[in-house]
Amino acid sequence: MSEKTKVVFVVGPTASGKSALAMQLAKKFNGSIINIDSVQFYEGLIVGSAAPSEDEKKQVPHYLFSYVKAPDEMTAGQYIRDFYELIESGKATSPLFVVGGTGFYVQALEKGMYDLPEVSEEIKKEVLADFETFGSEKMFTELKEFDPDTELHPNDHYRVGRALEVKRAFNLKMSEFKNAAAADNKNKLPYPSMKIGLTFETNDKEKFAQRVHERTLKMLDEGIIEETKHFLDDGFENWAPLSSVGYHEAKAYLQGELKREELAPAITQATMKLVKKQKTWFKRDEAILWSDVFTPDYGSLEREVQDFLAK
RNA sequence: GGUCAAGUAGCUCAGUCGGUAGAGCAGAUGACUGAAAAUCAUCGUGUCGGCGGUUCAAUUCCGUCCUUGACCA
């Protein structure tokens, strides 16, 4: 295809109907769907991540779904590499509907990240071990002495750990990356793009919670517990994706920390927390064209997409 | 009916040797550059079960009543 590559992001909180909307648009405009949901990358995490069905995948080409196998873990950097590899392969036809609720990955793809290779397993393990032996206070001190401009909170051991990995592996300061990335845009998405989103008004929170509750029951019915058990049986209980919403609770139940009757309410509650965090993330992005979950104006969304593609 | 526990924040519980109280979870708000559905930050006035008594002062001690649980009848 000689046509220009164009990207339409479809974002918003979980359970908002992004996938269905993307399907509709992809059919109408003859495009492809590309995943940008941090859990749907993984093979075997289907029910709990509400991944698209085989039937849906037949109707429209889907890419970057269910392709990372345990115990491998995805990273935003790897995602970007996979994304461009897919585009360069020429397999995915434009327009590309990039669908998912993981704001961090959307940002990484859209604005770019500093270009670094993965940190070696040795260094990752070393940093982790040092947290154990020296404690988070000492580790933060190490970071602060190396990079006095760091804005990380001492308790945010995940980010402090990552900053120390970058220090030890590449002798580079995270705080400088941020400024450099803002100043020069060479890693930005090189294609024209637009963003549409589905969300709901704060007043409709109860209504949305009901929707999430029904989705939870559906997941339990479709076997999220069995899906989780499969990974536990294979010895992957510490696999990071299993600490995501739904799997985390199913795991707690399977390990006897939650009663069966507590499971559904716990999943719904955790999902609503996720929803709130996703709303907070996307709220600050003024470029997103929003539509309401309960009163979606698909017609106007289609027109917006049409206009964008016609340019 | 009797004995013994327990009744403190939406929930689970600390605590006050008498000077009106604080954690975790939940909730609200926000941050976010390779785990991100993760990680982290900020936010705590509640008849301390009711009513009496002692005291300058009671959620804290005493009495009594109510509720819940366990045990004994």
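Note on naming: letters A, B, ... go to the chains in the order of the sequence lines (proteins, then strands), and numbering restarts at 1 for each one.
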Novice: Counting the benzene-type ring for Trp, do A:Phe9 and A:Phe282 have ring centres under 6.0 Å apart?
Specialist: no
Novice: Please state how far atom NZ in A:Lys277 lies from atom P in B:A35, giving the value in whole angstrom units.
Specialist: 15 Å
Novice: Give one of base, sugar-phosphate or nothing for A:His248, where a contact means two heavy atoms less than 4.0 Å apart.
Specialist: nothing
Novice: For a quick test of reading the model: is some side-chain N or O of A:Thr280 closer than 4.0 Å to OP1 or OP2 of B:G30?
Specialist: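 So the side chain of A:Thr280 is within the cut-off, an N or O lying under 4.0 Å from OP1 or OP2 of B:G30.
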Novice: Can you tell me which nucleotide in B:G34, B:A26, B:A41 comes closest to the side chain of A:Gln269?
Specialist: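 In terms of side-chain proximity for A:Gln269, the closest of B:G34, B:A26, B:A41 is B:A26.
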Novice: On a whole-Å scale, what distance lies between the C1' atoms belonging to B:C51 and B:C66?
Specialist: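 It works out to 10 Å between them.
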Novice: Looking only at atom P, what distance separates B:A5 and B:G63, rounded to whole Å?
Specialist: 12 Å
Novice: How far, in whole Å, is B:A73 from B:C11 if one measures between their P atoms?
Specialist: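 36 Å, rounded to whole Å.
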Novice: OP1 or OP2 of B:U39 less than 4.0 angstrom from a side-chain nitrogen or oxygen of A:Asn155, does that happen here?
Specialist: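 A:Asn155 to B:U39 OP1/OP2: no side-chain N or O under 4.0 Å.
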Novice: Within less than 4.0 Å of OP1 or OP2 of B:U29, is there a side-chain N or O belonging to A:Lys276?
Specialist: yes
Novice: List RNA chain B stems (3 or more consecutive Watson-Crick/G-U pairs, under 3.5 Å)?
Specialist: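 In RNA chain B, stems of three or more pairs: B:1-7 with B:66-72, B:10-13 with B:22-25, B:27-31 with B:39-43, B:49-53 with B:61-65.
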Novice: Measure from CD on A:Glu165 to C1' on B:G34 and round the result to the nearest Å.
Specialist: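 Answer to the nearest Å: 9 Å.
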Novice: Expressed as a whole number of Å, how far does the P atom of B:U20 sit from that of B:C48?
Specialist: 13 Å
Novice: Is there a path of hydrophobic side-chain contacts, each under 4.5 Å between heavy atoms, that joins A:Phe83 and A:Val11?
Specialist: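 Yes; A:Val11 is reachable from A:Phe83 via cluster members.
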Novice: What I want to check is whether the side chains of A:Glu73 and A:Tyr42 have a donor and an acceptor closer together than 3.5 Å.
Specialist: no
Novice: Under 4.0 Å between a side-chain N/O of A:Thr75 and OP1 or OP2 of B:A35, yes or no?
Specialist: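 It does not, given that no N or O in the side chain of A:Thr75 lies less than 4.0 Å from OP1 or OP2 of B:A35.
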Novice: Tell me if B:G10 is syn or anti. Syn = glycosidic torsion within 90° of 0, anti otherwise.
Specialist: anti
Novice: Grab the CD-P distance between A:Gln107 and B:A36 for me, whole Å please.
Specialist: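 Those two atoms, CD and P, are 14 Å apart.
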Novice: Is it the case that more than 12 heavy atoms not belonging to A:Glu151 sit under 6.0 Å from its CD atom?
Specialist: no
Novice: Which distance, rounded to the nearest 0.5 Å, do you find between the CZ of A:Arg211 and the CZ of A:Phe294?
Specialist: 5.5 Å
Novice: Grab the NE2-P distance between A:His157 and B:A38 for me, whole Å please.
Specialist: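 Taking atom P of B:A38 as the reference, NE2 of A:His157 is at 13 Å.
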Novice: Reckon A:Arg159 has a side-chain N or O less than 4.0 Å from the OP1 or OP2 of B:U33?
Specialist: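 A:Arg159 to B:U33 OP1/OP2: side-chain N or O found under 4.0 Å.
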Novice: I want to confirm an ordering. Mapping A:Trp281 and A:Tyr105 to their closest nucleotides on RNA chain B, which one lands closer to the 5' end?
Specialist: A:Trp281
Novice: Tell me whether the OP1 or OP2 atom of B:G30 has a side-chain N or O from A:Lys279 closer than 4.0 Å.
Specialist: no
Novice: Could you tell me whether A:Lys195 and A:Asp285 have a side-chain N and a carboxylate O separated by less than 4.0 Å?
Specialist: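 Yes, charged N to carboxylate O under 4.0 Å.
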Novice: With C1' as the reference atom in both, quote the distance from B:C62 to B:U54 in angstrom, rounded to an integer.
Specialist: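 Rounded to whole Å, the distance is 7 Å.
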Novice: Grab the NZ-C1' distance between A:Lys273 and B:A31 for me, whole Å please.
Specialist: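 My rounded result for the distance is 16 Å.
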Novice: Just the rounded figure in Å: distance from P of B:U33 to OH of A:Tyr158.
Specialist: 8 Å
Novice: Distance check needed: B:C32 C1' versus A:Gln278 CD, whole Å only.
Specialist: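 Going from A:Gln278 (CD) to B:C32 (C1'), I get 14 Å.
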Novice: Is A:Asp130 salt-bridged to A:Lys125, cutoff N-O under 4.0 Å?
Specialist: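 Salt bridge absent between A:Asp130 and A:Lys125.
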Novice: Below 4.5 Å, heavy atoms only, C-beta onward: do A:Glu262 and A:Glu249 meet side chain to side chain?
Specialist: no
Novice: At less than 4.0 Å, is any side-chain N or O atom of A:Lys283 found next to OP1 or OP2 of B:G30? Yes or no.
Specialist: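 Checking A:Lys283 against B:G30: at least one side-chain N or O falls below 4.0 Å of OP1 or OP2.
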Novice: Charged N to carboxylate O under 4.0 angstrom, A:Glu302 versus A:Lys28?
Specialist: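 Result for this pair is yes, salt bridge flagged.
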Novice: Between atom CZ in A:Phe104 and atom C1' in B:C40, what is the gap in whole Å?
Specialist: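 One finds 14 Å between C1' of B:C40 and CZ of A:Phe104, rounded.
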